[in-house]
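Each remark here refers to the structure printed beneath this line.
In what follows, chains carry the letters A, B, and so on, assigned in the order in which the sequence lines appear, proteins first and then strands, with residues in each chain numbered from 1.
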2 protein chains.
Amino acid sequence: MTTLLEQRLTDHRIKPTAMRLLVLEYLLSRQSALGLSDIEKAMAPADRITIYRTLKTFEQNGLVHLIDDGTGVHKYALCDNCDPAEHHDTHVHFYCTVCKETYCLPDTKIPDIGLPAGFILSEMNLIVKGHCDKCRL
Amino acid sequence: MTTLLEQRLTDHRIKPTAMRLLVLEYLLSRQSALGLSDIEKAMAPADRITIYRTLKTFEQNGLVHLIDDGTGVHKYALCDNCDPAEHHDTHVHFYCTVCKETYCLPDTKIPDIGLPAGFILSEMNLIVKGHCDKCRL
DNA sequence: AAAATATTTGCAATGCAATTGCATTTTTAT
DNA sequence: ATAAAAATGCAATTGCATTGCAAATATTTT
């Protein structure tokens with residue numbers, strides 16, 4: 001018998017090991033994007049490197065996407081509707097300067113940009129900073 | 001007698017030292033955004049830390065702006081029309097995945113984004129990746 | 001002009017996060 | 001059961017930003 005968690009991994013051709021199930025479960029339990037250190041703390045005393053490679057595997061198989069939120073730390077968040085093979089998460093990410101959480105805004109698409117002549121676009125990253133709804137004054 | 005380079009520094013309340021003039025001159029000679037290591041190589045054997053602090057001074061005085069182009073390395077570029085006191089360079093930056101250069105697109109503004117209810121915007125960073133006009137096939 | 005003060009510079013050192021090498025353990029295939 | 005492949009854990013490295021502190025330089029005051 002396979003659980004839903006296991007299913008989610010195998011759907012992305014990821015073998016469901018104990019560590020991977022734990023990391024996936026933790027990602028599901030949180031709604032914001034997490035850094036390696038965040039996950040490491042929650043998984044203590046599991047090995048940092050193993051978690052790192054777990055996330056890398058997830059990322060390469062279209063289960064999570066890697067976010068550069070401008071803090072200099074890589075953040076990981078579950079993909080909503082990416083192909084198992086290819087990412088297409090062109091949504092905006094929001095960094096709250098109060099609670100320091102990074103959120104995906106899956107419904108906010110990046111608008112088209114007019115580039116100068118001769119420039120060819122392959123990807124875009126838009127990160128918005130401010131106060132999130134929970135941290136409003 | 002003061003040169004144009006000196007003038008540009010003093011306009012931003014920066015004392016024109018030899019190092020600062022050299023760094024400013026180099027920034028002017030290049031049209032793309034540069035990382036600390038780029039500048040360090042060009043200034044060799046000048047001290048890396050001194051250049052770092054020179055750029056920090058420039059940044060704090062509105063002469064250059066700091067760019068996060070997603071490579072994980074800070075890039076610096078001369079401000080076009082920022083106040084000496086306050087930056088307002090809300091333009092898009094372009095990272096060419098071929099030549100690895102980062103360009104300011106001063107005429108391409110970041111469009112307004114509709115945020116979810118309760119989210120308050122304070123700043124935005126949009127970085128576009130692709131091929132620049134020189135690296136087109 | 002000399003002394004006192006402030007600023008700039010250069011070296012050493014630290015800190016933090018990403019990443020790789022390699023040996024060990026575990027899983028999968030023959 | 002044995003061989004091959006994959007996953008794990010530890011140690012170590014790398015790269016970059018950043019700070020502390022002392023020496024050098026420039027500025028101000030007496």
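Atoms CZ (B:R13) and P (D:dT27) sit 18 Å apart, rounded to a whole Å. Between the P atom of C:dT7 and the CD1 atom of B:I49 lies a distance of 21 Å, rounded to the nearest Å. Rounded to whole Å, atom P of C:dT8 lies 14 Å from atom CG of B:L55. Atoms CD1 (A:I51) and C1' (C:dA18) sit 14 Å apart, rounded to a whole Å. Rounded to a whole Å, the CZ atom of A:R53 is 12 Å from the C1' atom of D:dA11. In this structure, CD of A:Q60 is placed 14 Å from C1' of D:dA6, rounded to the nearest angstrom. Between A:L21 atom CG and D:dA7 atom P there is a gap of 13 Å when expressed in whole angstrom units. Between the P atom of C:dA17 and the CG atom of A:D47 lies a distance of 16 Å, rounded to the nearest Å.
For the OP1/OP2 pair of D:dA17 and a distance below 4.0 Å, the side-chain nitrogens and oxygens of B:K75 include no atom meeting the criterion. Phosphate contact (OP1/OP2 of D:dT8, side-chain N/O of A:K56, threshold under 4.0 Å): absent. For C:dT9, the OP1/OP2 oxygens have a side-chain nitrogen or oxygen of B:T17 closer than 4.0 Å. In this model, the phosphate group of D:dA7 is not approached by any side-chain N or O of A:T57 to a distance below 4.0 Å at OP1 or OP2. One finds a side-chain N or O of A:Y52 lying less than 4.0 angstrom from the OP1 or OP2 phosphate oxygen of C:dT19.
Residue contacts for B:R48: at a heavy-atom cut-off of 4.0 Å it reaches the sugar-phosphate backbone alone, with no base atom in range. Using a 4.0 Å heavy-atom cutoff across all strands shown, A:T50 reaches at least one base atom of the nucleic acid. A:R20 comes within 4.0 angstrom of sugar-phosphate atoms only, judged by non-hydrogen atoms across all strands, and of no base.
Between the side chains of B:R48 and B:Y52, no donor N or O sits under 3.5 Å from an acceptor N or O.
The aromatic ring centres of A:Y76 and A:F58 sit 6.0 Å or more apart.
In the set D:dA7, C:dT7, C:dA17, the nucleotide with an atom closest to the side chain of A:S37 is C:dA17. Distance from the side chain of A:V73 is smallest to C:dA18 among D:dT8, C:dA18, C:dT9.
Using a 4.0 Å cut-off between charged nitrogen and carboxylate oxygen, A:R20 and A:E25 do not count as a salt-bridge pair.
Applying the ring-ring contact (aromatic ring centres under 6.0 Å, His included) test to A:H65 and every residue at least two apart in sequence or in another chain returns A:H91, A:H93.
A heavy-atom distance below 4.5 Å is found between the side chains of B:L9 and B:L63.
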